[in-house]
Engineer: 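Got a structure for you, written out below as structure tokens; questions coming shortly.
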Amino acid sequence: MRTLVRRIRQGVPTGVLLVVLGILVVLPMLFIALAAFSDDVPRPGSIGLDSLSLDNFAILGSSEALGALGNSVFIAALASVLAMAIGCGLAFLAARADVPGRRFLYFVGIAPMFLPSLVGALAWSLLGSPATGFLNLVFQGIGLDVTLNIYSMPGLIMVLALYYAPYAFLLVHGALSLMNPDLEEAAFVHGGTRRRTLSWVTFPLALPAILGSGVLIFALTMENFPVAQVIGNPGQVETLPSFIYRLMNASPSRGTEAAAVAITLTAVLLIVTALQQRAVMRRKFTTVTGKGVKTKLVSLGRWRWPLFGLALVYFLLAVVLPIGALLISALQSSPYVSSLGQLTEPGALSFYMIGQLILSPDFLQSAGNSAVTAILAALLGTAVSFVVAYTVYRTNSAGRRVLEFVAMAPLAVPAIVLGLGLLWTWLVIPLPVYGTVFVLVIAFMAVFLPQGYRGVTSSILQVDRDLEDSAVLLGARRATAVSWVTLPLMRVGMVSTVLLLLMLCMRELSAALFLFTSDTRLLSILIFDNYDNGAMQGAASVSLLYCVVILIIALLAKSFGAKTVDGAR
Amino acid sequence: MKVQLENITLAYGGAVAIDDLDITVEDGESLVLLGKSGCGKTSTMRCVAGLETPTRGRITIGDTVVFDAERGVAVPPNRRNVGMVFQSYAVWPHRTIFQNVAFPLRQQKLPKDEIRQRVAETLEIVGLAEFADRGASLLSGGQMQRVALARSLVMRPSVLLLDEPLSNLDARLRDRLRLELREIQQRLNLTCVYVTHDQSEALALADRIALMQGGRIVQIDRPERIYENPCSASVADFLGVSNVFSCVPRGTAEGGSLFGLTGHDVEVLAQDVPGDLDAPKACIRPEDIRLSGDPLRDGNDWLGRVEVVAYQGASVRYRVALKGGPELDAVVGKGTAPLLEVGAQVWASAAPSAVQVLPSEVRT
Amino acid sequence: MKVQLENITLAYGGAVAIDDLDITVEDGESLVLLGKSGCGKTSTMRCVAGLETPTRGRITIGDTVVFDAERGVAVPPNRRNVGMVFQSYAVWPHRTIFQNVAFPLRQQKLPKDEIRQRVAETLEIVGLAEFADRGASLLSGGQMQRVALARSLVMRPSVLLLDEPLSNLDARLRDRLRLELREIQQRLNLTCVYVTHDQSEALALADRIALMQGGRIVQIDRPERIYENPCSASVADFLGVSNVFSCVPRGTAEGGSLFGLTGHDVEVLAQDVPGDLDAPKACIRPEDIRLSGDPLRDGNDWLGRVEVVAYQGASVRYRVALKGGPELDAVVGKGTAPLLEVGAQVWASAAPSAVQVLPSEVRT
Amino acid sequence: AGCAPPQFDPVVDSTADVDTSDGLVIDGERIADAELFEAAVEEGRLSLYSGYVENSEKEVIKVFEEDTGISVDLVRLVPNRLSERVLSEQGAGRLGADVVRTSDFDIATRMRDAGVFQPHRVAGYDELDDTVRYFDGDFYRVFNPLYTFAYNTALVDPADAPKSWHDLTDPRWQGELGITQVGAGGSSLTLNRFQEEELGPDFLPALAEQNPRIFDSSSAALESLARGEIPVATAVVSSVNIAASKNAPVNFVIPEEGMAAYDYFVGMTDSAVNTDAAELFLEWNLSKRGQDVFRQIGEFPARGDVEPPEILAQQLPTADSGKIVRIDPEVLIASAEGDQRRWNGLFGYLG
Ligand SMILES: Nc1ncnc2c1ncn2[C@@H]1O[C@H](COP(=O)(O)OP(=O)(O)OP(=O)(O)O)[C@@H](O)[C@H]1O
Ligand SMILES: Nc1ncnc2c1ncn2[C@@H]1O[C@H](COP(=O)(O)OP(=O)(O)OP(=O)(O)O)[C@@H](O)[C@H]1O
Ligand SMILES: [Mg+2]
Ligand SMILES: [Mg+2]
């Protein structure tokens, strides 16, 4: 009996969490699952179990679906590997190496996040389309006989990798900042070369972050629609996201089949998560122990400048060129450019439109909405992620494994499908949030829970438990101990997570589509509408301003403290 | 406060670290836990502190049951008023030394002035007064260890657990801190559990010593007593009796019982041997062996040859190969006898009262 | 290989940790670094290993200059073939014990079989054979320390740096490993630098002992010699001479020079005192004090009262308050004299040859 | 670069003679009586859920707001998602719209079946023909975008531009065409049906032979056309009109075989809060004034008594010329699945 009481008492926190996650994540997913097994879309008012069937899954067997899946897996795998290489490399340089301009490299690492993948893809289509891409015009201009064709499989992979590398960067940067050099030095002394030390100690210790961001990137590139549409589609590269998009956009809509695809993806992703969980739970990755952390920079010797150069190349490809392209396209008075010379003609470029845009109530309102929603969602999302991660990795409560799966589940569902589930959920739940910004905040928290969770987990695993336990023994309540010891030690990781969520929320479109109202339009919707109108110039202008808004917010967030952890100074 | 552990069992994953352990530490008592590396000392402390959840058993501190597996009681660590110096220090690397040490006082919501003063005092004791504002990870190993110690001392808990708190300090400092610790413990009537591998530390600090083996207590007693009367050969071995030999009874002789060392040609005379022992072993402390040019003829005398001479400061340690017998360790006070050379022929002698014949292990 | 440090200076931020240090460790020699906590021992080792970059000076290992601040030479650690046991262990938590220990051999690209065999041997030595496949963070403190030790031993470097490698091990194990270490060091003719705070460890392992103070070497010599002839009172104090008293010369007397203890009424007779010392101090080892009912009359005899009796296993430590004088520590071998009670009146005696009068510090 | 406004021609010229002294009278046409108008003005705002192209809807709203002083809160989603959202909100009893505008008869009827609309008979209800008013005024067809093809005027001389749909199958355009995939929505289905019905069964196979670049949405296709990545692409007249007004070098073609016209419907919701404003909005949409605004944007007006527009200096044919081909909704729905399958097969497309 008492044992039962204790069980219940111990279970209460997890129970509360499960309820929160249940509403946030499970309910929308259940709706989607129901849709996947129903003949008709189970909207509020017509939810029922009477039309259950497995017919929707037939679509998975179609050669189209299989082909798209194969393509997507291939593309996502290559893009993830590339993105991971870029992200981890940059993270290492910015966190641990004695490269020139480390702070700048941090900026390089996160800057591509300012460009939503839709904008990045558009920019690259401006740059690299075979007929009129700016780069091709430049090549022509200087008499080079090469034609860059971004509309191809390699192009698609490159653009995806460019814009997903920051995920790896942020998570891995957090992890590497928490490294204890003693562990590396031990390898160095025992005969390990620098490279060997990195590959034997440093990166494996960041494994939770690396694996975590790997899973994230893989899943996200697999379902990224904008790049697939803008880059893949013209190149006739068929992918799963286009496939889902078509299902959703077909007339009549084939939402139930889209849900079936989503459910299948979820299953696959859960398996991947389980594998990753096994790898992470089996070992320990504590790098911050009670015997001190003395962050030390790794000396790169003569590789300093070449590596810095590589980072610059990435910056050029991911940020400078695309922003340049966007700028030209936002300023130019005609979307058609046949040679670069045309741009120098009088009247070819004008700031008028951008000026108009900044002052337009539309822009101001959506910028405000975006900022508020993103900041709230990022902070709350990080908080929830922390609580979940803490419960999973620092307590013995029953059901903590389940929590992890729940937290990771939204990753598998394409945002557009999840958006539907969220719509149904928040229409059904009798809380007065539907139609307000709060419903957007909640939706973003749900959609980005996996990202937040992964971000927090990787750093929580690095902090030795003894540090927190000692605070408890010295008389602090658990919460005090967490806020005095654990959180500050994880600061870099937490700030990274907030930043990550912030930027993701700023640019998220699909999940918001079903939930916004005329008062709660977001910048991302403005961009998409502009693009959908064929108003590339508008889209480019909003994108530019939007980059500025994100930049400002990100700099503010960063100045709240992504310092490294090495003793109070 | 009295600390009582009853039937405590703890397993990490599958591996049992503590196995049905019972100990009582009396109010104000200082108990030293001794035992081989990996025998479960730290685990025991963590159970008392509430950092591990045993699978079975009950823990009482004072009059409160803080843990009871059956009744589902588990008081959280911060409400047990137990201080602990971690073997891994657990110094917070992102805080200054002052902040580290002031933390427990902050938790007790003491006024700022008092905090400052008590922290300063404690830092003075551990010799870190001048480092107060240094980041805690910018210290040497021994300095960090002292921060960990100071942090627990300043708290004045009712039970203090110290897990090798002085292992990285030099002998002088260790001596001094050991005295300070003992003084504080007695003044505040603290109940202490102390893990140390330093024999003299154990003896200096302990009211009682508990000997652990494989997750259990095999002997618990006052220091002199445990030292004089180890309950088994393996305890004796652990307490520094380096001459331990298997033997078989050869009946009684004048002045005691006679034993033959297994595998050797040598016999030993021992006094006060209890009856039928399981796998008996003869144990002789190296300090009780006398080396000289002539046999003493009042007990055991063996002829041997000096194999190793090791200088030990205040004493000299010899290893002597007995003729037809095993090697014997002998420690001789520096002033008491002339130095012997390697290769010298000597008589090694031991009084029958100095020979203990003990069971190899005790079953608990 | 010979290791030579010349004029090494190292500062962390502003704080100077090593100050113009010179040491030479001969080929195959085992040098023990002794010194107070925070005096720069670890820092010195880190310089040799190449983990810190001194601001000044030169380090030579064998015939190779591995560091020279002036010429800008700095050979990276992995090419110095130096092994190091870290004070913080630095065991890789994400690897198994086998993987931890096999690492240096993998780096040497040895064949798998040989690696397996050598790792198994080394784990056997440190007593962790059965744990080979356990994750390295699932160990007790002492077990981790042994992993760190094994990892460096298996490597067979030409120079081995050991930073308190046995501090968390129990006495028996420490004894055994100390012997093993010494044996390996001598067999492989390893050059060793060893930090320990354990006096007997220092004496057992050292070919020479170097005494550090505030980032400098103040004395370096063979163990017996440094022990018999400390160069200053603070060194003596550090080496366990607990009776150190300021004194003033009172001229010569029969059998030596006479000194008065400052602030007390007591005089001391000492032999072989060098001329004009700066702030002289009289130092007497507690083992050299004899306590008995009668004065000995062949040197110093002081009447006193036993204040503290501390049982130390093989010996007993007394604190005696001298009449009109300071308190005196005396250590008496267990068998050599009957036990005294607190409060007993005794004569404390010391031969003039056992009294050393030394300068308080030596300037280097 | 400079800060001067670039030379953009406004698409809609909203100057008109608005008289609100007794109801709403614009250019002599009475759109609302005094009672309705005052009640609507009293409500002051209305909420419109629309699937219509964002910019165009905004032009419409702008003129409506100028005429009436009532502000319109717009939620704009592509028709498919709009339908999803409307149906869900309706199901939960929380529909936030007063008026819904969407393309696709299929979508409109599904909304109607879910009880989204409430009937309202506009002033000239009786004069409207049956292809405009539906279900007793539950919703109305207001205009039809025209689906044809367009070319980049910087790359293709107007004289060389294809004149008919069949010109597109000329080898000259091999690999130079952009089309939108059939699943992209009702518009694509309509165009497809038009092509099957009017151009003969051989047209699509021939078009597929041209190896056109296939886009997922018509906006993406138009974007590429404007940038000159492809010289010729299928496009909607109004979109071309708007792009051209922003200096894009594009123009559309009025093919000999005609062009496909798909429907846009508007209706007032059952749960409307601002019923009077909503009624006024419907009246205005179907008035000559409203129809004229759509006409200027480039849409084909639903009312027979409004002139077809003149866009980019091209006079569009009248409804009875046979060149404006509206597909019967029932036919469209019935053949949708087969059409899609055939199209995907022909163009080797997934979906
Ligand atoms: N990372 C650091 N930053 C600043 N000061 C440091 C750092 N590490 C050590 N110190 C200081 O340098 C001095 C020498 O440190 P070192 O670690 O060499 O001491 P040690 O002799 O090994 O002491 P211990 O016996 O306590 O380990 C100490 O006073 C210490 O406070
Ligand atoms: N986290 C853990 N997971 C699994 N096994 C563990 C863990 N911690 C300790 N052990 C094992 O439990 C046993 C007891 O460990 P404990 O830390 O209590 O030993 P100890 O007596 O403190 O040893 P030491 O003197 O070496 O610190 C050891 O065999 C150890 O390997
Ligand atoms: Mg331990
Ligand atoms: Mg040290």
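Residue numbers begin at 1 in each chain, while the letters A, B, ... track the order of the sequences. Values below: all heavy atoms of this structure, side chains included; hydrogens, waters and symmetry mates excluded.
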Engineer: Evaluate whether atom CZ of C/R187 has more than 12 neighbouring non-hydrogen atoms of other residues, nucleotides or ligands under 6.0 angstrom away.
Structural biologist: yes
Engineer: What part of C/L161 gets closer than 4.5 Å to chain A, counting heavy atoms only: side chain, backbone, both or neither?
Structural biologist: neither
Engineer: For C/E130, look at atom CD and say whether over 12 heavy atoms of other residues, nucleotides or ligands are found less than 6.0 Å away.
Structural biologist: yes
Engineer: Of the listed residues (C/H94, C/R106, C/Q99, C/R151), which shares the most heavy-atom pairs with chain A below a 4.5 Å separation?
Structural biologist: C/H94
Engineer: Side chains of A/F285 and C/P93, heavy atoms from C-beta outward: is any pair under 4.5 Å?
Structural biologist: no
Engineer: Less than 4.5 Å apart, any side-chain heavy atom of C/S152 and any of A/V189?
Structural biologist: no
Engineer: Testing the basics here: between C/M155 and A/G191, what is the closest heavy-atom pair and its distance to 0.1 Å?
Structural biologist: CE-N, 4.3 Å
Engineer: Find out whether C/P157 and A/H190 are in side-chain contact, i.e. whether some heavy atom of one side chain is under 4.5 Å from a heavy atom of the other.
Structural biologist: no
Engineer: Could you report the tightest heavy-atom contact between C/W92 and A/A186, atom names first, then the distance?
Structural biologist: CZ2-C, 3.8 Å
Engineer: What is the distance from atom CG of A/L183 to atom CZ of C/R95, rounded to the nearest 0.5 Å?
Structural biologist: 11.5 Å
Engineer: So, A/T193 and C/N78: side-chain donor and acceptor under 3.5 Å apart, yes or no?
Structural biologist: no
Engineer: Look at the aromatic rings of A/W200 and C/F103 and report parallel, tilted or perpendicular, splitting at 30° and 60°.
Structural biologist: tilted
Engineer: Roughly how far, to the nearest 0.5 Å, is CZ of A/F188 from CD of C/Q107?
Structural biologist: 11.5 Å
Engineer: Under 4.5 Å heavy-atom distance to chain A, tell me which part of C/V91 shows up: side chain, backbone, both or neither.
Structural biologist: backbone
Engineer: Counting only heavy atoms not in C/Q108, do more than 12 fall under 6.0 Å of its CD?
Structural biologist: yes
Engineer: Heavy-atom distance under 4.5 Å between the side chains of C/R46 and A/E185, does that happen here?
Structural biologist: yes
